[in-house]
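Letters A, B, ... mirror the listed sequences (proteins, then strands); counts begin at 1. All figures in this text were calculated on a predicted structure; none of them were measured in a lab.
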Protein chains: 2
Amino acid sequence: MLKKEKIPKVTIQRMAVYLQMLEELEEEGEEVVSSTRLAELCGVNSSQIRKDLAYFGEFGVRGVGYYVRDLIASIKHFLGIQKVWNCAIVGIGNLGRAILRYKDLSKKGYKIVGAFDCDPFKIGERVGDLEIICTRRLKEKAKDLNIKIGIITTPPNRAQRAANHIVEAGIKAIVNFAPTRIQVPDDVIVDYVDFSTHLIYLSFSLSNLGK
Amino acid sequence: MLKKEKIPKVTIQRMAVYLQMLEELEEEGEEVVSSTRLAELCGVNSSQIRKDLAYFGEFGVRGVGYYVRDLIASIKHFLGIQKVWNCAIVGIGNLGRAILRYKDLSKKGYKIVGAFDCDPFKIGERVGDLEIICTRRLKEKAKDLNIKIGIITTPPNRAQRAANHIVEAGIKAIVNFAPTRIQVPDDVIVDYVDFSTHLIYLSFSLSNLGK
DNA sequence: ATTTTTTTGTGAATTTTTTCTCAAATGGAG
DNA sequence: CTCCATTTGAGAAAAAATTCACAAAAAAAT
């Protein structure tokens, strides 16, 4: 039963995990999978999977399970990743370059179509098949290149300025890799990717083993 | 009042955000901050902050707020990041190199003391002040170098093998950047950092604006 | 010295998320 | 064709997380 409740962020995140695992299963030639088996592989509870899927519709067959290929297609469809999303990177340091060279992104439907930096020494340099462009030209380029997602990989003290350029360009979604919070209007979605947050979680857990 | 309940993972993650923001405030010369102000800056509810802190003790002064410098010290103490954590990177591709060159890590108490890869052409190569070592030697090196955290930055099909080496070396905490799940014993903590999960969340949100 | 204002810490209420349970559907075996 | 073993979908129950609301404490104002 499809509901129009709002879907929790954690559900979407788990969806991405299920999708990843389903694609591995498909590669291994599996045609059908039960929620129990998928749950084991993903390290979650099986009714969690069924509940998550129920937000979007009914995809399984009772007594059988889920057809892997079909479920992949359905998930991609309702997550909005059957199409290609054009992205811009702002801040071409080590991390920015690593992302630019990361081939899997295009396989997954994300294409980096613009590389921006405000350092005059970098502007004009080629990285892969892109030329680094001045961040001030982001607004003008965003339209031409149909950019929908901005990726911030600047140092923390430049992140807010990068965010401002992205917002001004009319882009409504940002992934921020800079280890700092940014302020944006309510209609812009920001997602934070912070390596040190993950390390902190681990060191806390290690410090508290057995407590 | 300090309780010995188990502390939710989300609390630890928010703690890392509060810490980040507190350090920015300290740099700006702020001496005191209220939960309301900190909450605004971090984009959360103010009683959320007070509840989170209550897991660890009482740090504020009624009618005043929190002393920024003291609170930073307390948080670092109970998160276990007053000391330095030695880490190993397994998989020296673009991402691995970007992390190796990422200076802020050591400022935050994480030191990368070993760079491992199984590609014979890479072994012996220098990256920064480390030499790339064969992954099979991880076990032997882990003791010498007192490695506590393993960072996987291999391609997905190598991630499980990397995880096996890390587990065999007696390391109990893993950050996995490879876009795949890994299987480890129950006493090993794994945290996943997956860029495409974040992009998927954004494309889903963009596809459903206003719905 | 007393009142007012501010702000923490925490129990209670609320909301959200997860897990449990089981009827209903499906395919295969006898 | 009927029975048995599976497995989904979804309501109910349980658990967890968040927010509310306010007494208690501290500082500032009168």
> Could you run down nucleotides 22-30 of chain D 5' to 3' and tag each one B, S or - for protein heavy-atom contact under 4.0 Å?
Replying inline: --BBSS---

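Residues from residues 32-43 of chain B with heavy atoms under 4.0 angstrom of DNA chain C, sorted by number: B:S34, B:S35. Annotation: proximity of residues 9-25 of chain A to DNA chain D (heavy atom, distance under 4.0 Å) is found for no residue.
Regarding A:F59, its CZ atom lies at a distance of 15 Å from the C1' atom of D:dA10, rounded to whole Å. Regarding A:E58, its CD atom lies at a distance of 18 Å from the P atom of C:dA23, rounded to whole Å. Going from atom CG of A:L53 over to atom P of C:dT18 covers 14 Å, rounded to whole Å. A straight line from CD1 of B:I7 to P of D:dT18 spans 14 Å, rounded to a whole angstrom. The CZ atom of A:F56 sits 14 Å away from the P atom of D:dG9 (whole-angstrom rounding). Taking atom CD1 of B:I49 as the reference point, atom C1' of C:dG9 lies 14 Å away to the nearest angstrom. In this structure, A:Y55 places its OH atom 10 Å from P of C:dT16, rounding to the nearest Å.
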> Given B:N94 and A:R97, is the side-chain contact (heavy atoms from CB on, under 4.5 Å) satisfied, shown in steps?
Replying inline: CA-CA 8 Å; B:N94 292 321; A:R97 284 168 211 265; over 6 Å; no

>> For A:F59 and A:F78: C-alpha separation, side-chain torsions, deciding distance, then whether ring pair (Phe, Tyr, Trp, His ring centres under 6.0 Å) applies.
In response: CA-CA 12 Å; A:F59 305 98; A:F78 59 64; 5.5 Å; yes

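No side-chain heavy atom of B:I49 sits under 4.5 Å from any side-chain heavy atom of B:R37. At least one side-chain heavy atom of A:V44 sits under 4.5 Å from a side-chain heavy atom of A:Y18.
The partner of D:dC1 is C:dG30, by the rule that a Watson-Crick or G-U pair needs both atom distances under 3.5 Å.
Within the structure, side-chain hydrogen bond (donor to acceptor under 3.5 Å, both in side chains) pairs that include any residue of residues 61-75 of chain B do not occur (at least two apart or interchain). Under the side-chain hydrogen bond (donor to acceptor under 3.5 Å, both in side chains) criterion, no residue pair touches residues 79-91 of chain B, with sequence neighbours excluded.
The number of heavy atoms from other shown groups lying within 6.0 Å of NZ (A:K9) is above 12. Residue A:E140 places its CD atom among more than 12 non-hydrogen atoms of other residues, nucleotides or ligands, all under 6.0 Å distant. By the 6.0 Å contact criterion, CD on A:E28 is enclosed, its count of non-hydrogen atoms from other residues, nucleotides or ligands being greater than 12.
If you check the side chains of A:E24 and B:T180, you find a donor sitting under 3.5 Å from an acceptor. Between the side chains of B:T197 and B:Y192, no donor-acceptor pair is found at a separation under 3.5 Å.
Contact annotation: side chain of B:K51 to base of C:dT10, donor-acceptor pair absent below 3.5 Å.
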Show every donor-acceptor pair shorter than 3.5 Å between a side-chain atom in residues 154-166 of chain A and any protein atom, with sequence neighbours excluded, or say none if there are none.
unit_1 : atom_1 : unit_2 : atom_2 : d
A:T154 : OG1    : A:A159 : N      : 3.4
A:Q160 : OE1    : A:Q183 : N      : 2.9
A:Q160 : NE2    : A:N164 : OD1    : 2.9
A:Q160 : NE2    : A:Q183 : O      : 3.0
A:N164 : ND2    : A:Q160 : O      : 3.4

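Phosphate contact (OP1/OP2 of D:dA17, side-chain N/O of B:N45, threshold under 4.0 Å): absent. In this model, the phosphate group of C:dT19 is approached by a side-chain N or O of A:Q48 to a distance below 4.0 Å at OP1 or OP2. At C:dT6, none of the side-chain N or O atoms of B:Y66 fall inside 4.0 Å of OP1 or OP2 (strictly under the cut-off).
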